[in-house]
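The block underneath contains the structure these notes are about, expressed in structure tokens.
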Amino acid sequence: WFLKGIAEHDPKLFFDNLSTFTSEDGKALKVAYFTGDFGPFHQGHKSVINTVDQLKPDIDLVFPLVIPHPRVGALTSHFDRQEGGERVRFTQLGLADTAKAICIPWHLYMDDTNPNTQSLINFVDNKFSVQKPVVQIAGGDSLIRLDQYGLLDRDHRPRIIVTRPGVTLEGMLTHKSNVAILENIM
């Protein structure tokens, strides 16, 4: 709760000191990001984060990254800052009772005047100088898009995919050693 409080009260202080924070056992924080348009943030998004919290306790923090809305195009360079700010606030409200999930308006603290999905991910990666690359969390529905855009082959970062109960994806990922599949327990 301490880090979440700092991040939401004074994001600049949080960013400036991010690489110095440690886990309770004194080790470097293990963090993950969870991209989505979160328009709106809903229980399905929250259950992905809660499943990771329950089944992967070694993940110290999860950063939901609000990305450009798909109606503009998932890889668009356009990011409406007002709409993004509203979606960040709705996501914060949805995660108010979740200590490990911190949603802050990353795009306000970037040098990039027109951030896109990749620049947001690069920004988070660069803030964590100890743990690179940062783990990506995705819902099972997003796996198809990750594969479609070639990200599973181009970007070999560790990934955690959370599926709906009863849905199996292992056949799709037999060749991907960097992907862990979790069944949603919420």
Listed by chain and number, what are the ring pair (Phe, Tyr, Trp, His ring centres under 6.0 Å) partners of F90, not counting sequence neighbours?
none
Just jot down the ring pair (Phe, Tyr, Trp, His ring centres under 6.0 Å) partners of F41, sequence neighbours excluded, or say none.
F38, H45
Does the pair V31 and Y33 meet the rule for a side chain to side chain contact (heavy atoms under 4.5 Å, CB included), with working shown?
CA-CA 7 Å; V31 300; Y33 69 87; over 6 Å; no
Just jot down the salt bridge (Lys or Arg N to Asp or Glu O under 4.0 Å) partners of R164, sequence neighbours excluded, or say none.
D141
S142 side-chain N/O to A138 backbone N/O, donor-acceptor pair under 3.5 Å
no
Looking at CG of D37 and OG1 of T91, how far apart are the two atoms once the value is rounded to the nearest 0.5 Å?
9.0 Å
Roughly how far apart are K4 NZ and T98 OG1, rounded to 0.5 Å?
5.5 Å
Test side chain to side chain contact (heavy atoms under 4.5 Å, CB included) on I49 and F34; report intermediate values, then the result.
CA-CA 8 Å; I49 292 170; F34 177 31; 3.7 Å; yes
Go through the structure and list residues passing side-chain hydrogen bond (donor to acceptor under 3.5 Å, both in side chains) with K100, not counting sequence neighbours.
D53
Of all heavy-atom pairs linking P64 and I102, the shortest is CD-O, 3.2 Å
I59 and A32: which non-hydrogen atoms are nearest, and at how many Å?
CG2-CB, 4.1 Å
Verdict with reasoning, K46 to L95, per side chain to side chain contact (heavy atoms under 4.5 Å, CB included):
CA-CA 7 Å; K46 187 173 182 174; L95 293 169; 4.2 Å; yes
Between I160, V162, T163, which is the residue that forms a side-chain contact (heavy atoms from CB on, under 4.5 Å) with T51?
V162
Among side-chain atoms of Q136 and R157, is any donor-acceptor pair under 3.5 angstrom?
no
Using the side chain to side chain contact (heavy atoms under 4.5 Å, CB included) rule, take I137 and V62 through it: C-alpha gap first, then chi angles, then the decisive distance, then the call.
CA-CA 8 Å; I137 297 171; V62 175; 3.8 Å; yes
Contact check, side chains of L13 and I6, non-hydrogen atoms, under 4.5 Å:
yes
Quick one: which residue pairs count as a salt bridge (Lys or Arg N to Asp or Glu O under 4.0 Å) with a foot in residues 57-66, not counting sequence neighbours?
K30-D58
